[in-house]
Every structure is written in C-alpha cells, then in structure tokens.
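Down below is the structure, laid out as structure tokens.
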Amino acid sequence: MPPPSSPSGHDSDSGGVAAALEKARRDKLARIAALGHDPWGRRFDGATPIATVRAAGEPLRRPPGEPPADDGPAVRVAGRIMLQRSAGSLVFLDLADRSGRIQVMIGKKQVGPEAWQLADCLDLGDLVGIDGRLGWSKTGEMTIFASALAFLGKSLETPPDKYHGLVDPEQKQRQRYLDLIHGEGVRERFMARSRIVAAVRQTLTERGYLEVEGPTLQESAGGAAARPFSTHHNALDMALVLRIALELHLKRLLVGGLERVFELGRVYRNEGVSPRHNPEFTMLEAYEAYGDYTTMMDLTEAIVAAAAVAAGTPPVVRWMGRDVDLARPFRRVRYDDLLAEVVGCDPADPGALAAAAAARGIDTTGRHPDVIKSDLFEATCEQSLVAPTFVIDYPAAICPLTKRKAGRPEIAERFELYVAGMELANAYTELNDPDLQEELFRTQLAGLPAEESMARMDHDFLRALRHGMPPAGGLGIGIDRLVMLLTESSSIRDVILFPLLRPVGD
RNA sequence: GAGGCUGUAGCUCAGUCGGUAGAGCAGCGGACUUUUAAUCCGUCGGUCCAGGGUUCGAGCCCCUGCAGCCUCACCA
C-alpha cells in the first residue's frame with residue numbers, strides 16, 4: 001500500500017536503509033498516480049522486440065561526432081530500465097527486454113511538460129513503454145528518441161549494483177528473477193535451455209515418436225538404483241513415492257503397441273546434492289520398438305546435434321576445464337577394450353582386475369567381479385573420456401534391465417555416452433524376457449540394504465512383459481547435463497531455474 | 001554425512017597489530033539538451049550471519065550454530 005504522498009520527505013525513521021530506499025520509490029509511485037497514470041500499468045500492445053528494433057536501426061548508423069539523427073522510423077518498445085543518466089533537460093535510459101537492450105532519450109522539450117514530470121518519477125528497475133523515432137545519438141549510440149512515455153510498472157526494491165550485478169551464487173539462486181535481469185548471460189542461458197528442450201522434442205517427433213506422460217506418483221519406484229522421496233495420499237490413505245525413472249511405464253506402452261514413445265519429464269531422487277546432482281532433474285527417455293542400442297546411438301547423436309544447433313553452441317566447447325570437440329560421429333569403444341587401454345590389464349581375467357582395483361584402493365573383498373570391474377572403470381576410464389564417446393557392451397551383472405548379446409550372456413547390449421568425464425546418456429537393447437527380468441530383479445533386490453528394498457518388485461511390469469513386449473532400443477538422457485554441456489556451465493544449479501536450497505529465515 | 005573456504009550498508013567490496021565502521025554504486029538535494037558504469041558539488045545510510053566466550057576493549061581471537069560454494073561419499 002503506498003503511503004500518503006510526501007515528496008522530498010526523507011527523514012523517515014522507519015529503520016533500515018532498505019526501508020528508506022523503498023520509501024523514496026513509494027513516494028514516486030504516489031506522484032505517478034497523482035499525475036493520472038496507473039503505477040502498475042495496463043495492457044500495452046504492439047511493442048517490437050528490442051533486438052528487432054536494433055536490427056532495423058543498424059542501417060541508419062552514424063559515426064560518433066556527427067549531428068544526432070532522430071528522424072528514423074517510429075517504433076514502440078517495452079521493457080525494464082537498466083540504467084539512467086540525466087543531463088539537465090535530457091534523460092537517457094537503457095531499456096531491456098528479453099531480446100536485448102537499447103538506449104532511449106527523453107528530452108524535456110521533445111516530450112512536453114506532462115511526460116517530463118512522469119520521467120522525473122522513474123527509477124532503475126521500473127517498467128516502461130516508449131514510443132519514439134529510431135536514430136543515432138551524437139556520440140554514435142543507437143537511440144530511440146522518445147515522443148511518448150507509458151508507465152507500465154513500479155519497482156519498489158533497489159536493484160543490484162548496476163555494474164557488477166548479482167555475484168553471490170546463493171542470492172542468484174534464491175532470487176533467480178534478479179539473476180535473470182542482471183546476471184551476465186543468465187537470461188540467454190535459460191532461453192537456450194528452452195530451445196534445447198524444443199529441439200529434443202522436435203527430433204523425436206520427426207522420427208515418429210509419441211510424447212506421453214507417465215505417473216510421477218507411484219506405489220514403488222523402479223527403473224533406476226536410487227532412493228525415492230516418500231509422500232502420502234490423504235483420501236486414499238496410501239503411501240506413495242515420487243518416481244526415480246520413466247522406464248517401466250514407457251515399456252508398458254511398448255507392450256500396449258505405441259511402438260515409439262518418449263517422455264521428457266521430471267524425476268526425483270532422494271540422494272546427495274552436488275554440482276552435477278539436483279534432487280529433481282529433467283530426464284528424457286525414449287523407446288523404439290524393433291530397434292536396439294545401435295538405433296539409440298544414432299538417435300542420441302541426432303538429438304545432441306539438433307540441441308547444439310538450437311543452443312548456438314560452438315563446435316568445440318570449454319567444459320569442466322577441458323576443450324570438448326562435439327564433432328560427429330562420436331567415438332564408439334567397447335567397455336573391455338577401454339578398460340584394457342586405460343588400465344593395461346586383461347579385462348577377461350578377474351584376478352588381474354581385482355589386483356588392479358586393489359592397487360587403486362577399491363574394496364574387492366567378497367564382491368562380484370563385474371562390480372569390481374565397474375568400480376575400476378569409474379575410477380580410471382570415465383575421466384579419460386573427453387570428446388563424446390559411446391562406451392558399449394557392458395558387463396551383464398551390472399545391467400538388470402538389458403538384453404544380453406546373442407551367444408554372450410556375460411555381455412549386455414548397453415551404452416553410456418560420456419563427455420568430459422561425465423555421463424550424459426545411457427541406453428540399452430531392452431530386456432523383454434519376463435522370466436529373466438524377474439530373476440534379475442530378485443538378485444538385484446537381494447543385494448540391497450533393507451532401507452532400499454522398499455523399492456519392491458514391480459509385478460505388474462513383469463505381467464506386462466509376459467503379454468509380450470517387442471524387442472526395442474531404449475535411451476535416457478539427462479537433460480540438465482546436456483544443457484550444461486551446450487551452455488558451457490560447470491554447475492547443474494546454473495541450468496536449473498530454481499534449484500533446491502535449504503530454507504533460511506528472513 | 002566428512003573436510004576446506006566464505007558471510008561487513010539495498011548492491012559490489014575494503015577494513016592494518018584487538019583500540020570510535022570505510023569506499024564506489026544506488027538514494028536524497030543541486031548543476032548540465034547528447035549521456036554510455038555519465039560527470040561535478042553537497043548529503044543520508046550499519047543486527048559486521050546468529051548465539052556464547054576471552055579481553056579494559058572484538059568486524060578481527062576462541063567455541064557452537066545457520067546458510068552458500070568447492071572437494072569427497074551416495075547418485076545421473
């Protein structure tokens with residue numbers, strides 16, 4: 001609620017600098033209202049994006065020192081005041097919308113006494129609409145020479161430092177709206193994210209995939225090895241968990257005959273937080289009947305390529321401290337071959353593997369040879385993969401949802417895509433043998449601690465498989481990590497608008 | 001969950017050996033019809049993250065807590 005108008009009153013003792021700064025803005029808000037304008041604005045039609053205006057203004061360019069040219073085409077823009085410079089009877093504004101920034105000049109004589117009074121009530125952060133002529137100032141800056149001023153919304157809070165913006169990462173995340181306004185490249189990064197998601201969706205749709213939505217509330221969470229979040233439905237008095245993966249329901253849809261399906265959605269994992277992990281994150285999973293994991297390799301390359309184009313990513317990105325060349329086709333290397341190459345021991349020899357693992361401090365006592373192998377792989381091979389690389393043909397024992405290679409039951413038809421040491425995608429030739437699937441579920445559950453065995457066997461999924469699921473390829477891509485790569489972001493929190501933060505009293 | 005770093009005005013940051021809390025920006029008043037983080041003159045502005053302790057005296061030293069960042073672990 002605006003207080004009664006008291007222009008130039010500045011001896012308020014309401015406590016605190018913030019309150020005094022806000023009072024100055026509320027005083028102006030009252031003056032704006034007194035001038036007959038709605039300080040919260042009204043519908044404002046016909047504004048042109050500033051980037052479009054800038055493109056139109058470029059051919060009119062005049063070098064610095066020339067007399068100002070203020071007779072270009074009439075334009076209308078709307079945006080937020082980022083900078084304000086007054087020079088007597090002239091005011092220069094830097095106005096920003098989501099497409100860009102442009103300078104606006106308001107001259108006392110040019111706009112008339114009423115608009116000039118309104119211009120005197122403007123603060124950094126206010127939203128205004130401008131009508132004027134596009135041109136160039138004497139100092140060689142593209143400028144809209146205002147003829148009319150519409151007030152579209154008051155900012156009552158002091159914006160961040162006009163030069164440095166917000167730099168405190170905590171405040172950038174807690175007040176993302178400010179980060180979007182003032183952060184270097186922040187708005188563009190999130191607009192790139194939006195284009196990436198659209199490109200992923202388009203790539204799949206073009207290939208005949210149907211977008212579907214599975215349940216996020218489930219009786220038990222399956223499809224991945226992670227602890228779920230628990231919740232409760234009141235009316236049904238029913239314990240529920242949030243999904244940790246999309247897999248099991250999408251495969252039911254393959255049984256149902258939808259043949260090519262994908263879901264682009266949020267999954268929730270009750271695990272630790274890190275620069276690469278957020279408790280909720282966006283996952284793509286896609287399944288194609290009658291395909292296999294090589295089908296999914298082609299699809300993965302197509303998706304990454306389309307997303308890179310959409311994001312405007314350069315061919316070589318600087319990511320996680322390395323130069324990453326995104327050229328296709330991506331390298332394909334077999335799991336065992338990579339292990340042999342990096343570790344230098346025979347991957348088929350469990351004794352040699354255990355020795356190599358033990359030499360790197362990995363616990364080997366009483367553990368399955370494939371699990372030891374997997375730990376050794378993670379400790380040595382992952383970091384060696386810089387350019388996008390498909391690691392293919394995994395040890396079967398660590399792949400409970402994957403079809404085995406024909407005639408080689410110890411090898412699973414699976415690949416993971418690594419970039420700069422980080423896992424970006426994971427895909428299988430999907431296991432569709434219900435009896436083997438049930439057996440693998442049982443052995444997997446037997447190995448879990450009691451806390452996690454709440455992730456029970458999904459009997460309905462097994463029943464679906466017994467009805468007959470076509471052989472298929474399936475793919476999962478961590479969208480947040482893809483966005484990180486394509487926007488050269490080193491923390492997942494930089495590509496999630498509102499990452500989970502601990503509450504803080506204020 | 002463990003270790004390291006950080007927390008000072010609305011924002012960005014200084015703060016020496018433990019001795020009255022500083023600057024720039026923003027704000028307010030004034031000058032300026034071509035400014036570019038405008039400039040110039042004047043002026044207002046503090047729960048030094050919170051709570052304890054040591055000390056004649058703590059922004060600074062000690063302890064506890066909170067939050068963020070980094071590394072590690074679980075995970076993708």
Side-chain angles (χ1 to χ4, degrees), chain A residues 7-13 15-25 27-28 64-70 82-94 101 103-110 123-125 135-143 145 155-175 178 182 224-227 244-245 267-283 378 382 416-418 422-426 449 451-452 476-482 484 490-493 499 501-506:
Chain A
S8 75
H10 54 287
D11 51 357
S12 155
D13 198 17
V17 187
L21 291 171
E22 182 175 335
K23 183 179 183 307
R25 285 166 177 261
D27 287 347
K28 288 183 188 166
E66 297 268 312
D70 59 0
M82 304 302 292
L83 289 176
Q84 197 176 8
R85 301 173 287 280
S86 86
S89 303
L90 293 180
V91 173
F92 294 89
L93 307 177
D94 278 11
R101 269 197 198 205
Q103 172 169 278
V104 173
M105 194 199 83
I106 302 171
K108 185 177 183 179
K109 281 184 185 164
Q110 289 85 336
D123 282 307
L124 292 180
W136 289 76
S137 73
K138 191 163 95 180
T139 48
E141 176 80 14
M142 193 191 296
T143 302
F145 296 88
S155 168
L156 294 174
E157 298 266 353
T158 308
D161 187 280
K162 66 186 180 186
Y163 184 62
H164 300 92
L166 270 191
V167 299
D168 175 20
E170 178 174 355
Q171 201 176 353
K172 283 162 74 74
Q173 291 166 27
R174 288 193 194 278
Q175 295 184 273
L178 284 183
H182 295 100
R227 285 182 295 175
I244 58 173
V267 298
Y268 308 85
R269 298 191 180 177
N270 208 337
E271 305 282 356
V273 173
S274 86
R276 297 155 197 68
H277 303 265
N278 194 62
E280 55 177 315
F281 63 103
T282 301
M283 177 87 105
E378 285 174 21
E382 288 187 1
E416 292 193 338
L417 176 65
Y418 284 92
M422 196 183 293
E423 183 189 339
L424 210 65
N426 183 16
E451 190 183 0
E452 290 175 40
I477 295 181
I479 294 297
D480 310 273
R481 290 184 171 182
L482 179 64
M484 286 170 69
S490 58
S491 170
I492 199 168
R493 290 162 169 267
L501 294 170
R502 297 177 130 106
V504 65
D506 59 356

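Side chains included, hydrogens not; waters and symmetry mates left out as well; all remaining heavy atoms used. Letters A, B, ... are given to chains in the order of the sequence lines, protein chains preceding strands, and every chain is numbered from 1. In this text, all values refer to a predicted model and were calculated from it rather than measured experimentally.
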Could you please name the partner base of [N], counting Watson-Crick and G-U wobble pairs only when both distances are under 3.5 Å?
N: B:G59; result: none
N: B:U47; result: none
N: B:A26; result: none
N: B:A2; result: B:U71
N: B:A21; result: none
N: B:U33; result: none

Using a heavy-atom cut-off of 4.0 Å across all strands, would you classify [X] as base, sugar-phosphate, or nothing?
X: A:Leu424; answer: nothing
X: A:Gly476; answer: nothing
X: A:Arg269; answer: base
X: A:Arg174; answer: sugar-phosphate
X: A:Met422; answer: nothing
X: A:Arg493; answer: sugar-phosphate
X: A:Val273; answer: base
X: A:Gln173; answer: sugar-phosphate
X: A:Asp70; answer: nothing
X: A:Gly272; answer: base
X: A:Lys28; answer: sugar-phosphate
X: A:Glu157; answer: nothing
X: A:Asp480; answer: nothing

Nearest to side-chain heavy atoms of [X], which nucleotide of [options]:
X: A:Val167; options: B:G68, B:C13, B:A73; result: B:C13
X: A:Thr158; options: B:U34, B:A26, B:G68; result: B:A26
X: A:Pro275; options: B:U35, B:A37, B:U71; result: B:U71
X: A:Thr143; options: B:G68, B:G10, B:U35; result: B:U35
X: A:Arg85; options: B:U35, B:U34, B:A26; result: B:U35
X: A:Phe281; options: B:U35, B:U12, B:A76; result: B:A76
X: A:Pro169; options: B:C69, B:U33, B:U35; result: B:C69
X: A:Arg276; options: B:G27, B:U71, B:U35; result: B:U71
X: A:Ala24; options: B:G10, B:A76, B:C28; result: B:C28
X: A:Ser137; options: B:G68, B:U34, B:U33; result: B:U34

Would a 4.5 Å heavy-atom cut-off, applied to side chains only, mark [X] and [Y] as touching?
X: A:Phe281; Y: A:Arg269; value: yes
X: A:Pro159; Y: A:His182; value: yes
X: A:Gln103; Y: A:Leu83; value: no
X: A:Ile244; Y: A:Val267; value: no
X: A:Thr143; Y: A:Lys138; value: no

Take atom [atom1] of [X] and atom [atom2] of [N], then tell me their distance rounded to the nearest Å.
X: A:His164; N: B:G10; atom1: NE2; atom2: C1'; answer: 15 Å
X: A:Gln175; N: B:A67; atom1: CD; atom2: C1'; answer: 14 Å
X: A:Asn270; N: B:A73; atom1: CG; atom2: P; answer: 19 Å
X: A:Gln171; N: B:C49; atom1: CD; atom2: P; answer: 15 Å
X: A:Phe92; N: B:C32; atom1: CZ; atom2: P; answer: 15 Å
X: A:Gln84; N: B:C25; atom1: CD; atom2: C1'; answer: 14 Å
X: A:Arg502; N: B:G65; atom1: CZ; atom2: P; answer: 13 Å
X: A:Lys23; N: B:G10; atom1: NZ; atom2: C1'; answer: 17 Å

Pick the [atom1] atom in [N] and in [M], then give their distance to the nearest Å.
N: B:A23; M: B:G65; atom1: P; value: 37 Å
N: B:A9; M: B:A14; atom1: C1'; value: 13 Å
N: B:C74; M: B:C17; atom1: P; value: 44 Å
N: B:C44; M: B:G51; atom1: P; value: 29 Å
N: B:U43; M: B:C62; atom1: P; value: 39 Å

Counting just side-chain N and O atoms, does A:Lys162 come under 4.0 Å of either OP1 or OP2 of B:C25?
->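 False: A:Lys162 side-chain N/O out of range (4.0 Å or more) of B:C25 OP1/OP2.
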
Does any N or O donor sit under 3.5 Å from an N or O acceptor when you compare the side chain of A:Asp161 with the base of B:G24?
->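 A donor-acceptor contact between them is present.
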
Under the 3.5 Å rule, do the base of B:U35 and the side chain of A:Gln103 count as making a donor-acceptor pair?
->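 Looking at the base of B:U35, it does pair with a donor or acceptor on the side chain of A:Gln103 (distance under 3.5 Å).
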
Among residues at least two apart in sequence or on other chains, which ones pass salt bridge (Lys or Arg N to Asp or Glu O under 4.0 Å) with [X]?
X: A:Glu141; answer: none
X: A:Glu170; answer: A:Arg174
X: A:Glu22; answer: A:Arg26

Under the 3.5 angstrom rule, does the side chain of A:Asp480 hit a backbone N or O of A:Thr282 as a donor-acceptor pair?
->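 Such a contact is found between A:Asp480 side chain and A:Thr282 backbone.
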
All side-chain contact (heavy atoms from CB on, under 4.5 Å) counterparts of A:Glu280, not counting sequence neighbours |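 Per chain and number, A:Glu280 pairs via side-chain contact (heavy atoms from CB on, under 4.5 Å) with A:Arg266, A:Tyr268, A:Asn278.
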
Taking side-chain contact (heavy atoms from CB on, under 4.5 Å) as the test, write out the residues that go with A:Lys28, two or more places apart.
->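 With sequence neighbours excluded, A:Lys28 shows a side-chain contact (heavy atoms from CB on, under 4.5 Å) to A:Arg31, A:Cys121, A:Asp123, A:Lys154, given in chain and number order.
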
Given that A:Ser490 and A:Arg481 both sit by RNA chain B, which one's nearest nucleotide is further toward the 5' end?
->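 Its nearest nucleotide being more 5', the pick is A:Ser490.
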
Position toward the 5' end of RNA chain B (nearest nucleotide), A:Glu423 or A:Tyr163 =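 Here A:Tyr163 is the residue nearer the 5' end.
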
Which of these passes side-chain contact (heavy atoms from CB on, under 4.5 Å) with A:Arg493: A:Arg276, A:Met484, A:Gln173?
->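 Of A:Arg276, A:Met484, A:Gln173, side-chain contact (heavy atoms from CB on, under 4.5 Å) with A:Arg493 is met by A:Gln173 alone.
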
So which protein N/O to nucleotides 41-43 of chain B N/O distances come out below 3.5 Å?
none

